[in-house]
K.L.:
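Quick one: the structure is below, questions incoming.
In what follows, every chain begins at residue 1, and chains take the letters A, B, ... in the order their sequences are listed.
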Protein chains: 2
Amino acid sequence: MSEVVSARAASASATREAIGRAARRLFNRQGYAATSVRQIAAEAGADPALVIRYFGSKERLFLETMPVEGRFDHVTHGPLEGLGRRLVTSLLTEAPELTFSIWRSMLRASDSDLVRERLVTAMEQMFIVPLAPRLVGPHAELRARLVAAQISGLLDAVAVLGDARITEASLDQLVVLYGDSIQTLVDPPIDPTLDEQN
Amino acid sequence: MSEVVSARAASASATREAIGRAARRLFNRQGYAATSVRQIAAEAGADPALVIRYFGSKERLFLETMPVEGRFDHVTHGPLEGLGRRLVTSLLTEAPELTFSIWRSMLRASDSDLVRERLVTAMEQMFIVPLAPRLVGPHAELRARLVAAQISGLLDAVAVLGDARITEASLDQLVVLYGDSIQTLVDPPIDPTLDEQN
DNA sequence: ACCTTTCGGTCAACAGTGTTGACACGCGGG
DNA sequence: CCCGCGTGTCAACACTGTTGACCGAAAGGT
């Protein structure tokens, strides 16, 4: 079924994929703004005009080459107890280079409304949607969104600001400290001023 | 003493300040990448070349027009008890528009090493330096840096991603929920695996 | 008073950007 | 066989940040 239907089509999809690979590499290494369409084309051995013709614009090429599907379902669907710690572990352990460079690239390119919306829906799909209905106690959705905010903060510190003290800290310490802080929002709040009404 | 030393010098500083004002307005409204030097010059009634001559480059103009001095000393120097809540209150209350737009602009422009370094030192001066030596218990500096990360996360959610559910939530709820989560890192950790040695 | 230097401001140009349209060429289907 | 369509190429557009030469008038010296 995936046979070569024609030499032309094969050539087309081959160069398209070459452009995509070059774009992914360069965007991750240099960021969105510092990477030019001409540079991508040169690295892929193609013409700059082809890049636009195949992907519509530099912006859409960027979106297409930045995968943001959820890879944290096994955590967000797991038991609520200790979820904070497992979330931090998963973030810092599973394909961290990819997670970090994508976060860095997309956050810096979030001038663009398309990029920003993609980032927002990615965070919602990955964390808020699976987490919010599971949280017990008042303000479940708000708390889930604040968990996502905390994750953003950790990613900022590591991937954008590059805080060496955090990067070089032991994984165990980060997991316990930041994980327990996240857990505060996962567990039902104890403050009596937070009524059960909305 | 601050008399007009000459008509030329007065004119020079006047146009320089006009350029600075226009730049600050446009950078905050449209972001760094979307604002052109020619647009700033037009708004200030000056020549694009003058913008570069006075400020060196668009990047340095951006840095000069983005004030990042600390405005949270009264919180970070206050009592440790309830510091998390007061931090969130201060962030969301005192000149929030300015705080948010500056955070958004600088984070998106952090492709530039100068901007990134400025952002890092600003966070350190505002939160980590005053907070770290005051925290009791193990890993004081790491915990202070993680507090700063949490602040980044809140700013991301509000200023960059524009999470409506968080923006529209009542200040009291945010203060209690996120503030208490931050407080987890301010208070000494209880986990016995975190020894007192580094 | 004049002459010279200094300096704010203007203009044109440079190399580079994303994007668009017209054009060439060779494989595919009639 | 030939026509058409699609892959690829080329040149151009309007725009970007930045640079250097130039102009004119104010400042300083004699």
K.L.:
B:Asp47 has an atom CG; how far is it from atom C1' of D:dG17, in whole Å?
P.N.:
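Taking CG of B:Asp47 and C1' of D:dG17, I get 13 Å after rounding.
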K.L.:
Would you say a side-chain N or O of B:Ser36 is under 4.0 Å from OP1 or OP2 of D:dC15?
P.N.:
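The answer is no; no side-chain N or O of B:Ser36 sits under 4.0 Å from OP1 or OP2.
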K.L.:
Of B:Thr35 and A:Thr15, whose nearest nucleotide on DNA chain D comes first from the 5' end?
P.N.:
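Residue closer to the 5' terminus by nearest nucleotide: A:Thr15.
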K.L.:
To the nearest Å, how far apart are A:Phe27 CZ and C:dG18 C1'?
P.N.:
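These atoms are roughly 11 Å apart.
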K.L.:
Using atom CG of A:Leu26 as one end and atom P of C:dT17 as the other, report the distance to the nearest whole Å.
P.N.:
12 Å
K.L.:
State which residue, out of A:Leu91, A:Thr167, A:Leu92, A:Thr89, fulfils the side-chain contact (heavy atoms from CB on, under 4.5 Å) condition with A:Leu174.
P.N.:
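Among A:Leu91, A:Thr167, A:Leu92, A:Thr89, the one meeting side-chain contact (heavy atoms from CB on, under 4.5 Å) with A:Leu174 is A:Leu92.
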K.L.:
Can you identify which nucleotide, out of C:dC11, D:dT7, D:dT18, has its nearest atom closest to the B:Ala49 side chain?
P.N.:
C:dC11
K.L.:
May I ask you to decide whether A:Arg71 forms a salt bridge with A:Glu94, counting only side-chain N to carboxylate O separations under 4.0 Å?
P.N.:
no
K.L.:
Tell me: CD of A:Gln30 to P of C:dG16, nearest whole Å?
P.N.:
15 Å
K.L.:
Expressed as a whole number of angstroms, how long is the span from A:Ile52:CD1 to D:dT9:C1'?
P.N.:
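Nearest whole value for this atom pair: 15 Å.
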K.L.:
What is the nucleic acid contact for B:Tyr54, judged by heavy atoms within less than 4.0 Å: base, sugar-phosphate only, or nothing?
P.N.:
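Touches sugar-phosphate only.
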K.L.:
A:Leu61 has an atom CG; how far is it from atom P of C:dG18, in whole Å?
P.N.:
10 Å
K.L.:
Regarding A:Arg60 and A:Glu64, does a basic nitrogen lie under 4.0 Å from an acidic carboxylate oxygen?
P.N.:
no
K.L.:
In whole Å, I'd like the distance from the NZ atom of B:Lys58 to the P atom of D:dT16.
P.N.:
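Rounded to whole Å, this separation is 9 Å.
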K.L.:
From the set D:dT18, D:dC10, C:dT19, return the single nucleotide nearest to any side-chain atom of B:Arg38.
P.N.:
D:dT18
K.L.:
Given D:dG8, C:dT17, C:dA13, identify the nucleotide with an atom nearest to the side chain of A:Arg53.
P.N.:
D:dG8
K.L.:
Could you tell me whether B:Ser13 contacts a base, only the sugar-phosphate backbone, or nothing, with contacts defined as non-hydrogen atoms closer than 4.0 Å?
P.N.:
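Touches nothing.
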K.L.:
Atom CZ of A:Arg60 and atom C1' of C:dT20: how far apart are they, to the nearest Å?
P.N.:
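After rounding, the gap between these two atoms is 14 Å.
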K.L.:
Would you say A:Leu185 ends up clustered with A:Ile128 if hydrophobic residues are merged whenever their side chains have heavy atoms under 4.5 Å apart, either directly or through other cluster members?
P.N.:
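Different clusters.
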K.L.:
B:Leu50 side chain: which of D:dT9, C:dC11, C:dG9 is closest?
P.N.:
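Of the candidates, C:dG9 comes closest.
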K.L.:
So, is the end of the A:Arg16 side chain (NZ or CZ) under 6.0 Å from the ring centre of A:Phe55 and within 45° of the ring's axis?
P.N.:
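Yes, cation above the ring, under 6.0 Å and within 45°.
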